[in-house]
Amino acid sequence: MKGRNMTRWRDPAKDPRQEKKSPLITAQGYARLKGIHEHLSRVKRPALSAKVGEAAAQGDRSENADYTYNKKELNRVIARIRYLGKRLDEVQVVDRLPADTSRVYFGAYVTLEDEDGEELAIRIVGHDETDTDRHWVSVDAPLARALLGKGLDEDVTVNAPAGDTTYVITDIAYADPDA
């Protein structure tokens, strides 16, 4: 196998990119993904197609940087549209509360306290919704897996790269605390 698309070999059993992702997503996350898909399909792709057409009409494509750039961008947008279309078909929208809201399940806002007394507020969301700035953690992440099913004031030990960390669950909510 030779060519520009060749990458280094990774063992599929150990490659984290090959792990099966959870199909769960919140209603807000689904609406966001659908909105991105619609925008790319109805606005971005037609605009890029028009730019590629205009650049192609200028003549020699081999030396036309505008054509080359817009063609690559169009191919990237088409690939993203295809991925989002497949992902939207796969996901399962979780739009109702769990039967037991005193325990941590998908969609929960959880406040944790570590051994030093520092608080960490996170939300457990689907893979497509993770956001480090907002502290939204994927349901597939080790921290979320350790928290699932736990109740208030329970200790949770998480195996992190820096070593094991123990947290105490101090609050569980299913409504946005900032709203």
Ion pair check, Arg87 and Glu90, cut-off under 4.0 Å: yes

Could you go step by step and tell me if His127 and Ser22 meet the side-chain contact (heavy atoms from CB on, under 4.5 Å) rule? CA-CA 7 Å; His127 169 74; Ser22 173; 5.9 Å; no

Return the minimal non-hydrogen interatomic distance between Leu148 and Phe106, and the atom names on each side. CD2-N, 4.1 Å

Under the 3.5 angstrom rule, does the side chain of Asp95 hit a backbone N or O of Ala27 as a donor-acceptor pair? no

Roughly how far apart are Asp66 CG and Gln58 CD, rounded to 0.5 Å? 6.0 Å

Backbone N or O of Thr111 within a donor-acceptor pair of the Thr170 side chain at under 3.5 Å? yes

Residues Leu97 and Tyr174: closest non-hydrogen pair is CD2-CB, 3.3 Å

Could you tell me the separation between the CG atom of Leu33 and the OG1 atom of Thr26, rounded to the nearest 0.5 Å? 9.0 Å

Spacing of NZ belonging to Lys72 relative to CG belonging to Leu74, to within rounding of 0.5 Å: 13.5 Å

Under 3.5 Å: donor-acceptor pair, side chain of Asp116, backbone of Glu118: no

Please say whether more than 12 non-hydrogen atoms of neighbouring residues, nucleotides or ligands are located less than 6.0 Å from OH in Tyr69. no

Do Tyr167 and Leu147 share a hydrophobic cluster (ILVMFWY, side-chain heavy atoms under 4.5 Å, transitive)? yes

Would Ile78 end up clustered with Leu88 when hydrophobic side chains under 4.5 Å apart are linked, directly or stepwise? yes

Does some side-chain heavy atom of Val77 sit less than 4.5 Å from a side-chain heavy atom of Ile81? yes

Please tell me if the side chains of Tyr67 and Val52 come closer than 4.5 Å, counting only heavy atoms from C-beta onward. yes

So OH of Tyr30 and NE2 of His37: to nearest 0.5 Å the spacing works out to 10.0 Å

Hphob cluster co-occupancy, Tyr109 + Val139, side-chain heavy atoms under 4.5 angstrom: no

Report yes or no: does Arg103 contribute a side-chain atom to a donor-acceptor pair with the main-chain N or O of Gly149 at less than 3.5 Å? yes

Report the distance from atom NZ of Lys71 to atom CG of Asn64, rounding to the nearest 0.5 Å. 12.5 Å

Does one hydrophobic cluster hold both Tyr105 and Leu24, with members joined at side-chain heavy-atom distances below 4.5 Å? yes

State, to 0.1 Å, how close Pro46 and Ser41 come at their nearest heavy-atom pair, and which atoms those are. CD-O, 3.4 Å

Rounded to the nearest 0.5 angstrom, the OG1-CD distance for Thr166 and Glu113 is 12.5 Å

Same cluster or not: are Ile172 and Leu112 linked, directly or through other Ile, Leu, Val, Met, Phe, Trp or Tyr residues, by side-chain heavy atoms under 4.5 angstrom apart? yes

Test item: Arg145 side-chain N/O and Asp140 main-chain N/O as donor-acceptor pair under 3.5 Å: yes

Considering only NZ, NE, NH1 and NH2 on the basic side and carboxylate oxygens on the acidic side, decide whether Arg134 and Glu129 come within less than 4.0 Å. no

Residues Val158 and Ala146: closest non-hydrogen pair is CG2-CB, 4.1 Å

